[in-house]
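Residue numbers begin at 1 in each chain, while the letters A, B, ... track the order of the sequences.
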Protein chains: 4
Amino acid sequence: MTVHSAAATPRPRRRPISQPAPSERGDKRERIIEAAIKVFAERGFYHARVSEVAAEAGVAGGTIYNYFRNKDDLLISLFEDRMEAILADFRAELAGLDSAADRLRRFVELHLAMVARDPQLAEVLTVELRQSSKFMREYKARKFGEYLGLLEGLVVEGVERGEFRADIDPRILKRALFGAIDEVSLFWVGARRARNPQPYALEDAAEQIWRLYAGGLIRPQESTP
Amino acid sequence: MTVHSAAATPRPRRRPISQPAPSERGDKRERIIEAAIKVFAERGFYHARVSEVAAEAGVAGGTIYNYFRNKDDLLISLFEDRMEAILADFRAELAGLDSAADRLRRFVELHLAMVARDPQLAEVLTVELRQSSKFMREYKARKFGEYLGLLEGLVVEGVERGEFRADIDPRILKRALFGAIDEVSLFWVGARRARNPQPYALEDAAEQIWRLYAGGLIRPQESTP
Amino acid sequence: MTVHSAAATPRPRRRPISQPAPSERGDKRERIIEAAIKVFAERGFYHARVSEVAAEAGVAGGTIYNYFRNKDDLLISLFEDRMEAILADFRAELAGLDSAADRLRRFVELHLAMVARDPQLAEVLTVELRQSSKFMREYKARKFGEYLGLLEGLVVEGVERGEFRADIDPRILKRALFGAIDEVSLFWVGARRARNPQPYALEDAAEQIWRLYAGGLIRPQESTP
Amino acid sequence: MTVHSAAATPRPRRRPISQPAPSERGDKRERIIEAAIKVFAERGFYHARVSEVAAEAGVAGGTIYNYFRNKDDLLISLFEDRMEAILADFRAELAGLDSAADRLRRFVELHLAMVARDPQLAEVLTVELRQSSKFMREYKARKFGEYLGLLEGLVVEGVERGEFRADIDPRILKRALFGAIDEVSLFWVGARRARNPQPYALEDAAEQIWRLYAGGLIRPQESTP
DNA sequence: CATGAATGAGCATTCATTCAT
DNA sequence: AATGAATGAATGCTCATTCAT
């Protein structure tokens, strides 16, 4: 998978030509976003100071404002930037699969793999994001809606192809499944941060969630003769 | 159901001497908690000012500090207070049911009914709660763990009684189910606040979620002859 | 004259009853205004820091914001407060005089006496006031217009009573006279601040200005016998 | 009159690029000063950003610092530059006149004509100039003193030649007259910026001011037999 | 000379919390 | 217990100025 490397794809920006300054990987905008993910994840959006992000990125405080309108905008930009990469990655990964069931299972795996790979990003994307009032109340949707839309598409397709039951509203299903994945991720991430032992492996969790959603809880009373 | 009235169980306390103001049921602490739920839900924990809570509760700003150590403590106390009531209510409701399946379905219904009845409380409990650093990082667990424990108990019981499949880890299941309910609730609450049309009825959502978790997504290929 | 004492008339505000705290003369709002006049005059509105005003007033920085919306509002409030007092004082002083000429001469004297008495106030009123964009562009008028209106009234009256020439537009005259007085004041104040020797006594300046405006520059060539 | 064209006297200098871009007359320094006058007049010295001046001048922000030490220096340089031109123009215009009275009247006319011709310059010269602390407190004088000196010279000359009354101190007179002209100008300029209707024509104002200063306010009670 | 990205000192303002009454 | 004026630490953001290219 290439989620992260995709996310890191630098929007090409004038790189110093003569002296490459090899210490600075990626352009400044990218470095600030990376720093913001780290700091927001560690301290929480509201407790993070812009100056901390700057220090983490190795730039001066004012430099942040050359790239982002304000602290809120930094969070939103970070979100869009990363979600875009994640979406592209997911789409590419899912394109090669044949059945709706395979694609849905893969979606779950991809999400949890992403969380395992970049827990801080996961934390910011799911927890901290809810704290920027502007974001939550005026913006929210877009890319996140796209993400859920992807999920909904998989479900609808499954129903249309007769793979999935038709008596479950896809709009509710997509939220239920997303909520399930998200909560399982969040707890794992929280335990990790609290330096508690891993409560479960995320790969196993993916398997479990899929099993649950695919087959349901109720034990089939097979062949009651 | 009596969640709310239970929550409002007044720790008896006296009215400001002269005129008992019989209209105002509940003591000052309760009034402050009610105000906090309203203000936190409307403005978000970080954007809510203590003085707003005080104004909403009809007390002076300083009075809050006679009942709560600080703003964080107000949020946590609010949480404990309400969760206690909710838990008691849930336990009472579930006690009369026979099968694990019935109890689990009822749990889903109860949660969503609670959301429908007091959306602001639901919002605070699920969204704003994540924003108090002290809470999230040092406290969190307790009552919330109890709530999830209740859920886990239902599942374990179901497995033990042979009602549920044994190949799904209850610790993951409880999170998955809670996440599903929570997300479905959250979206509904969000739409409500944004004054968007209700995306779905919460009663229907409960039915759908249960159907999903009970039977799974995959359409049984019965008897392909 | 009582300009200053009038200006200091405290808008009655709850004074601590039991322990009079004799060190604090005047209420807090008044103390802040006095401090602001001093600091704005000495450092200029833009270079003055709110914390300096607070320190000068002997209050904490935040206290200023219990009385004034922001720095601009402090300047504007200061202006209104003092202008009101000055206007009341001027009106009272002029009421007792019979001819328009006497009143106009007295007006000049009063203005310059006010400058002599409270140079810092004069400086703020004439120089610093122009620096608050909101003030200059949206507010300005009112009390200042009243002041000029007082002047215009005197002139119009003089014309109507046949004391003054009718061929000079009162609206231009009032500006010309005000500008003359203001500039003469300003230079005197500036010299004072720069610790230069007084270029002239303000009482003499009043006499000179009146002589100039009353009789004009041109030496009457009548009756060269 | 040639005030403005004199001020604009281009110090010929070439345009950056390869092709001289013959359309842009005036060198960069001049263009920056013109931009500064416009921006300072419109936004006020303190609210004007150096980058705005740069944008208006069509140069990069840093370029300004190749021509001026800092923002204050830009204001001061602007002032000196324009005042020099104005003074030269005034001197030339006054040279041809015979009587002190004619010269003084002409001075008033010239000042107001200058205001009418370049209101933004007038605004900067009279309002914004007072806002640069360094200017006001350490520099001020020089060219402005020269301007007032010119005025004083006219008065002294008038007295010496017996045209003007000898009982008015020229140092006060020069300030009074300048203040009168300045205030009349300022109000006109202010109305213009506020897009209010012109309160009076500046030509008429010149006539009025001169009439006032020449003959005085008091109506001569000639020959009441 | 020109550029404009980077810098970082500077400051108004907010608001949780205290405490004298 | 209740009050609410006073406090002052905390911080996002601006913008004049610098300097490597």
Side-chain angles (χ1 to χ4, degrees), chain A residues 13-14 16-19 21 27-29 46-54 58-74, chain B residues 13-17 27-28 46-55 58-74, chain C residues 13-14 16-19 21 27-29 46-55 58-72 74, chain D residues 13-17 27-28 46-55 58-74:
Chain A
R13 206 168 285 259
R14 212 158 15 80
I17 306 159
S18 39
Q19 263 71 15
D27 64 341
K28 215 150 271 186
R29 186 190 140 92
Y46 272 100
H47 292 92
R49 277 164 292 160
V50 172
S51 62
E52 286 178 305
V53 175
V59 300
T63 301
I64 304 247
Y65 294 86
N66 287 337
Y67 295 89
F68 306 95
R69 225 186 324 277
N70 51 40
K71 199 185 174 188
D72 270 10
D73 183 52
L74 173 53
Chain B
R13 208 169 289 253
R14 204 75 63 104
R15 199 66 350 58
I17 331 169
D27 61 341
K28 213 155 269 188
Y46 271 99
H47 291 96
R49 277 161 301 179
V50 172
S51 62
E52 285 177 306
V53 175
V59 300
T63 302
I64 298 216
Y65 291 84
N66 288 333
Y67 295 89
F68 306 95
R69 226 188 325 278
N70 51 39
K71 197 185 175 189
D72 270 8
D73 183 51
L74 172 54
Chain C
R13 205 166 285 261
R14 212 158 17 78
I17 305 159
S18 38
Q19 263 70 16
D27 65 341
K28 216 150 270 186
R29 187 189 140 91
Y46 272 99
H47 291 92
R49 277 165 291 160
V50 172
S51 62
E52 286 178 305
V53 175
V59 301
T63 301
I64 303 245
Y65 293 85
N66 287 337
Y67 295 88
F68 306 95
R69 226 188 321 279
N70 51 39
K71 199 185 173 188
D72 270 11
L74 173 53
Chain D
R13 206 169 292 250
R14 204 74 64 102
R15 200 64 351 57
I17 338 161
D27 59 20
K28 215 154 268 187
Y46 272 98
H47 291 95
R49 276 162 302 179
V50 172
S51 62
E52 285 178 306
V53 175
V59 301
T63 302
I64 298 213
Y65 293 84
N66 288 332
Y67 295 89
F68 306 94
R69 226 186 325 278
N70 51 41
K71 197 185 175 190
D72 271 8
D73 183 51
L74 173 54

I need the [atom1]-[atom2] distance between [X] and [N], as an integer number of Å.
X       : N      : atom1 : atom2 : result
A/Ile64 : E/dG8  : CD1   : P     : 13 Å
A/Arg69 : F/dT14 : CZ    : P     : 11 Å
C/Arg29 : F/dA5  : CZ    : C1'   : 16 Å
C/Arg49 : F/dG8  : CZ    : C1'   : 16 Å
A/Tyr67 : F/dC13 : OH    : P     : 18 Å
D/Tyr65 : E/dG4  : OH    : P     : 16 Å
C/Asp72 : E/dT13 : CG    : C1'   : 13 Å
D/Glu52 : F/dT14 : CD    : C1'   : 12 Å

Please confirm whether the shortest side-chain N or O distance from [X] to OP1 or OP2 of [N] is below 4.0 Å.
X       : N      : value
B/Ser51 : E/dC15 : no
D/Lys28 : E/dA2  : yes
B/Asn66 : F/dA1  : no

_Member of B/Ile64, B/Asp72, B/Asn70 meeting the side-chain contact (heavy atoms from CB on, under 4.5 Å) criterion with B/Phe68_ =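 The single option meeting the side-chain contact (heavy atoms from CB on, under 4.5 Å) with B/Phe68 is B/Ile64.
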
_Could you report the tightest heavy-atom contact between B/Gly61 and B/Ala54, atom names first, then the distance?_
CA-CB, 3.7 Å

*Give each stem of DNA chain E as a range with a range, requiring at least 3 consecutive Watson-Crick or G-U wobble pairs whose two distances are under 3.5 Å.*
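Detected stem regions: E:2-21 with F:2-21.
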
*asked:* Can you tell me how the ring of B/His47 sits relative to the ring of A/Tyr46, calling it parallel under 30°, perpendicular over 60° and tilted otherwise?
replied: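 Perpendicular.
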
*Output the distance between atom CG (A/Asp73) and atom OH (A/Tyr67), rounded to the nearest 0.5 Å.*
14.0 Å

*Which is true for C/Ala55 with a 4.0 Å heavy-atom rule: it touches a base, it touches only sugar-phosphate, or it touches nothing?*
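If one applies the 4.0 Å heavy-atom cut-off, C/Ala55 turns out to touch nothing in the nucleic acid.
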
*Look at all strands and tell whether D/Ala48 reaches a base, only sugar-phosphate, or nothing, counting heavy atoms closer than 4.0 Å.*
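Sugar-phosphate contact only - D/Ala48 comes under 4.0 Å of backbone atoms but never of a base.
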
*asked:* Please pick, from F/dT7, E/dT7, E/dA16, the nucleotide with the shortest atom-to-atom distance to any side-chain atom of C/Ala60.
replied: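 Of F/dT7, E/dT7, E/dA16, F/dT7 is nearest to the side chain of C/Ala60.
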
*Report the nucleotide, chosen from E/dT3, E/dA16, E/dT7, that has the shortest atom-to-atom distance to any side-chain atom of D/Val59.*
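Among the listed nucleotides, the one closest to the side chain of D/Val59 is E/dT3.
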
*Quick one: on DNA chain F, does C/Thr63 or B/Gly61 contact a more 5' nucleotide (nearest heavy atom)?*
B/Gly61

_For A/Gly62 and C/Gly58, find the nucleotide of DNA chain F closest to each by heavy atoms; which residue's nucleotide sits nearer the 5' end?_
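Of the two residues, C/Gly58 wins.
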
